[in-house]
Novice: 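Right, I'll just put the structure down here and ask away after.
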Amino acid sequence: MTKSAETTYDLVVFGATSFVGQILTRYLLDTYGVGQSVKWAIAGRSESKLNTLKSGLGEPAKDLPVILADASDEPALKVMCEQARVIISTVGPYALYGEPLVQACVRTGTDYCDLAGEVQWIRKMVERYEGEAKSSGARIVHCCGFDSIPSDMGVWFLQNQAEQVFGAPCCDVRMRVKVAKGEFSGGTVASMMNVAKEAAADPKLRKELANPFSICPPEHRSEIRQPSLRGAEFDKTFNVWLAPFVMGAINTRVVHRSNALQDARYGREFTYDEAMMTGSGTKGRLAAYAITGGLAAFLTASAIKPTRWLVEKFVPQPGEGPSPEAQKSGFYDLRFAGRTEDGKTIITRVTGDRDPGYGSTGKMLGEAGMCLAFDIPADQPGGFWTPASLLDGKLMERLTSKAGLTFEVVETR
């Protein structure tokens with residue numbers, strides 16, 4: 001079964017009044033207008049907030065349709081899903097609020113994408129609903145923001161280039177954040193704190209979070225130990241010091257799932273990890289140790305009730321974020337180093353022209369939704385996909401032509 005194209009809307013933005021939801025709504029309005037080639041609407045639980053959002057967008061948004069639905073109201077979610085080909089959700093933390101909408105999309109055969117980066121929740125959704133999604137034709141794509149499109153599509157691009165240049169994919173890929181200017185979104189921080197809280201109370205979850213294949217099909221595993229940077233380390237490929245990258249915990253798992261869903265295209269024993277570059281020499285080393293210590297302190301404090309309230313006072317809250325000017329001044333530059341089995345090396349680069357957690361994420365999420373609505377064949381099977389495994393080159397074209405990302409080869413040897 002596939003969703004009929006004769007629905008009222010191509011896209012519905014659910015959670016449009018959230019901080020990222022507002023950025024996404026503005027992006028869709030500026031890029032695609034209202035009532036033109038793309039039929040879309042905004043949705044949420046508060047009619048007054050949705051109307052305030054429309055007013056703030058000005059005259060071009062006066063005819064933008066509004067749908068009322070609460071994240072816990074299953075009948076309202078079902079009605080919303082029945083009107084749409086694709087639902088884009090910005091309502092997190094998804095582990096707290098996300099399941100009823102995923103369930104509604106699966107049961108109505110509606111395609112869906114979101115910003116979820118909560119690996120334990122994604123695994124639960126796959127286990128509970130993948131069979132039903134395959135039956136209904138719903139294509140569910142989590143992780144369509146900074147986690148994990150640049151990483152997932154970055155590896156996909158590198159492997160494409162390696163196959164063209166070397167005739168084989170890379171068996172090992174390392175992603176390094178060269179620079180990233182911007183802030184984590186309040187929703188991302190809330191999700192990280194929720195994961196830390198859950199893990200502190202559940203030994204099974206702690207074990208799961210240590211498994212790089214936790215969202216892969218059960219049969220997809222590797223005998224080779226996966227790299228996992230836990231402290232400061234020197235990287236000989238780039239001649240810099242490294243610190244753990246907080247988004248690596250979700251990005252690595254998405255990349256491995258992409259490999260699995262592409263029939264182990266990157267190899268059965270493929271290895272992958274992520275880290276932040278902190279510079280060379282003593283200064284880079286000290287920065288690596290400082291970031292490692294700060295990240296450990298944040299996660300520890302988030303997991304313990306007596307200190308969690310203190311952390312919450314100093315981090316952005318859901319619905320908060322930087323000014324439009326700050327979003328525009330942000331950017332990121334990621335480097336990928338791949339190595340084939342016979343020792344050939346390729347280095348690629350992925351950049352974004354806005355701050356990663358807000359401006360760039362809003363554009364990536366919007367184009368992921370557009371790609372689902374217009375570029376994926378109707379006979380493409382339902383199920384729980386990743387950006388690279390379902391959207392592949394069609395999404396890359398949108399990211400480079402509309403969303404301000406670049407993908408390029410830096411070096412081969």
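All residue numbers refer to positions in the sequence shown, counting from 1. As a basis for the values below, the full set of heavy atoms in this structure was taken, side chains included, without hydrogen atoms, waters or symmetry mates.
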Novice: Please determine if R354 forms a cation-pi arrangement with F146, meaning its NZ or CZ atom is less than 6.0 Å from the six-membered ring centre and no more than 45° off the ring axis.
Specialist: no
Novice: Do the side chains of R176 and D273 get close enough for a salt bridge, i.e. N-O under 4.0 angstrom?
Specialist: yes
Novice: Rounded to the nearest 0.5 Å, what's the gap from CG on D147 to CE on M247? Could you check?
Specialist: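 The distance works out to 3.5 Å.
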Novice: Less than 4.5 Å apart, side chain to side chain, heavy atoms only: is that true for F19 and I23?
Specialist: yes
Novice: If you define the side chain from C-beta out and look only at heavy atoms, does anything of E367 sit under 4.5 Å from Y27?
Specialist: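 Yes - at least one pair of side-chain heavy atoms lies under 4.5 Å apart.
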Novice: Looking at R285, I'd like to know if its CZ atom is crowded, meaning that more than 12 non-hydrogen atoms belonging to other residues, nucleotides or ligands lie closer than 6.0 Å.
Specialist: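 No, not enclosed.
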Novice: Quick check: do W241 and K283 have side-chain heavy atoms less than 4.5 Å from each other?
Specialist: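 No - every pair of side-chain heavy atoms lies 4.5 Å or more apart.
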Novice: Looking only at heavy atoms, what is the nearest atom pair of V254 and C143, with distance?
Specialist: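 It is CG2-SG, 3.7 Å.
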Novice: For side-chain hydrogen bond (donor to acceptor under 3.5 Å, both in side chains), just list the numbers for S148 and N251, CA-CA rounded to whole Å, side-chain angles, deciding distance to a tenth of an Å, and then say yes or no.
Specialist: CA-CA 5 Å; S148 299; N251 293 338; 2.7 Å; yes
Novice: Could you tell me whether the side chain of Y129 reaches within less than 4.5 Å of the side chain of V102, counting heavy atoms only?
Specialist: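 Contact flag for V102/Y129 side chains = yes.
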Novice: Between T278 (side chain only) and A243 (backbone N and O only), is there a donor and an acceptor less than 3.5 Å apart?
Specialist: no
Novice: Could you grab the distance from atom CD of Q164 to atom CD of Q159, nearest 0.5 Å is fine?
Specialist: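 Spacing of CD (Q164) from CD (Q159) equals 12.0 Å.
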Novice: Counting distance only, does the side-chain N/O of T400 pair as donor-acceptor with the main-chain N or O of E397 below 3.5 Å?
Specialist: yes
Novice: Mind running side-chain hydrogen bond (donor to acceptor under 3.5 Å, both in side chains) on Q161 and T348 for me, showing each step along the way?
Specialist: CA-CA 9 Å; Q161 299 302 311; T348 60; over 6 Å; no
Novice: Is the shortest heavy-atom distance from the side chain of Y112 to the side chain of V106 under 4.5 Å?
Specialist: no
Novice: Looking only at heavy atoms, what is the nearest atom pair of A337 and T237, with distance?
Specialist: CB-CG2, 4.1 Å
Novice: Counting only heavy atoms not in E408, do more than 12 fall under 6.0 Å of its CD?
Specialist: yes
Novice: Between S214 (side chain) and A210 (backbone), is there a donor-acceptor pair under 3.5 Å?
Specialist: no
Novice: Using modelled atom types and a 3.5 Å cut-off, is there a donor and acceptor pairing between side-chain atoms of D172 and backbone atoms of R339?
Specialist: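 Between the backbone of R339 and the side chain of D172 there is no qualifying donor-acceptor contact (under 3.5 Å).
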Novice: Nearest 0.5 angstrom please: L405 CG to D353 CG, how far?
Specialist: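 Here the interatomic distance stands at 7.5 Å.
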Novice: Is there a donor-acceptor pair under 3.5 Å between the side chain of T252 and the backbone N or O of P212?
Specialist: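 No, T252 side chain to P212 backbone: no donor-acceptor pair under 3.5 Å.
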Novice: With side-chain contact (heavy atoms from CB on, under 4.5 Å) as the test, would you mind laying out the steps for T351 and F407 before giving the verdict?
Specialist: CA-CA 7 Å; T351 68; F407 297 79; over 6 Å; no
Novice: Any chance you could lay out the ring pair (Phe, Tyr, Trp, His ring centres under 6.0 Å) test for H256 and F270, step after step, and finish with the verdict?
Specialist: CA-CA 8 Å; H256 281 300; F270 171 71; 5.7 Å; yes
Novice: Taking all atoms of both residues into account, what is the closest heavy-atom pair of L101 and F14, and its distance?
Specialist: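 Heavy atoms of L101 and F14 come nearest at CD2-CD2, 3.5 Å.
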Novice: Give the minimum heavy-atom separation between A16 and L53, together with the two atoms involved.
Specialist: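 Scanning both residues completely, I find the closest heavy atoms to be O-CD2, 3.4 Å.
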Novice: Any chance you could lay out the side-chain contact (heavy atoms from CB on, under 4.5 Å) test for L57 and R26, step after step, and finish with the verdict?
Specialist: CA-CA 7 Å; L57 292 169; R26 166 60 75 182; 3.6 Å; yes
Novice: With distance as the sole test, does E269 use its side chain to make a donor-acceptor pair with the main-chain N or O of C171 at under 3.5 Å?
Specialist: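 Checking the backbone N and O of C171 against the side chain of E269, no donor-acceptor pair under 3.5 Å is found.
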Novice: Can you tell if the side chain of P93 reaches within under 4.5 Å of the side chain of W121, non-hydrogen atoms only?
Specialist: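 Heavy-atom side-chain distance check fails, nothing below 4.5 Å.
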Novice: Roughly how far apart are N259 CG and H220 NE2, rounded to 0.5 Å?
Specialist: 4.5 Å
Novice: At what distance, to the nearest 0.5 angstrom, does CG of L242 lie from CE of M277?
Specialist: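 Here the interatomic distance stands at 7.5 Å.
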Novice: Between R253 (side chain) and A249 (backbone), is there a donor-acceptor pair under 3.5 Å?
Specialist: yes
Novice: Could you give me the CA-CA distance, side-chain angles and deciding distance for S389 and T386, then say whether side-chain hydrogen bond (donor to acceptor under 3.5 Å, both in side chains) is met?
Specialist: CA-CA 5 Å; S389 64; T386 59; 2.7 Å; yes
Novice: For residues L64 and A41, report the shortest heavy-atom separation together with the two atoms involved.
Specialist: CD1-CA, 4.3 Å
Novice: Looking at side-chain heavy atoms only, is the closest gap between W156 and S258 below 4.5 Å?
Specialist: no
Novice: Do R174 and D235 sit within salt-bridge range, that is, some charged N less than 4.0 Å from a carboxylate O?
Specialist: no
Novice: Does F166, at its CZ atom, have more than 12 non-hydrogen atoms belonging to other residues, nucleotides or ligands within less than 6.0 Å?
Specialist: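 More than 12 heavy atoms, drawn from other residues, nucleotides or ligands, come within 6.0 Å of this atom.
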Novice: In Å and rounded to the nearest 0.5 Å, what is the CG to CG distance from L372 to L390?
Specialist: 6.0 Å
Novice: Does Q22 use its side chain to pair, donor to acceptor, with the backbone of T17 at less than 3.5 Å?
Specialist: yes
Novice: State, yes or no, whether a side-chain contact exists between E130 and K134 at a heavy-atom distance under 4.5 Å.
Specialist: yes
Novice: Between R128 and E99 (salt bridge meaning N to carboxylate O under 4.0 Å), is one present in this structure?
Specialist: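 A salt bridge links R128 with E99.
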Novice: Looking at every non-hydrogen atom in both residues, tell me the closest pair between I346 and A162 and how far apart they are.
Specialist: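 That closest heavy-atom pairing would be CD1-N, 4.1 Å.
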Novice: Apply side-chain contact (heavy atoms from CB on, under 4.5 Å) to the pair L11 and M370, showing each step before the final yes or no.
Specialist: CA-CA 8 Å; L11 299 173; M370 290 293 296; 3.5 Å; yes
Novice: Evaluate the criterion side-chain hydrogen bond (donor to acceptor under 3.5 Å, both in side chains) for residue pair T271 and Q226; output intermediate values, then yes/no.
Specialist: CA-CA 6 Å; T271 54; Q226 290 290 322; 5.2 Å; no
Novice: Got a sec: does the CG of D263 have more than 12 other heavy atoms crowding it under 6.0 Å?
Specialist: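 No, the 6.0 Å shell around CG holds no more than 12 heavy atoms from other groups.
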Novice: Please state whether the rings of H142 and F384 are parallel, tilted or perpendicular, taking 30° and 60° as the class boundaries.
Specialist: tilted
Novice: Would you say E223 has more than 12 foreign heavy atoms packed within less than 6.0 Å of its CD?
Specialist: no
Novice: By the definition side chain to side chain donor-acceptor pair (under 3.5 Å), identify the one residue from D10, T8, D111 that meets it with R85.
Specialist: D10
Novice: Between C113 and L365, is a side-chain contact (heavy atoms from CB on, under 4.5 Å) present by the stated rule, with each step listed?
Specialist: CA-CA 8 Å; C113 60; L365 180 60; 4.0 Å; yes
Novice: Would the number of heavy atoms belonging to other residues, nucleotides or ligands and lying under 6.0 Å from CZ of R268 be above 12?
Specialist: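 No, CZ of R268 has 12 or fewer neighbouring heavy atoms, counting only those of other groups under 6.0 Å.
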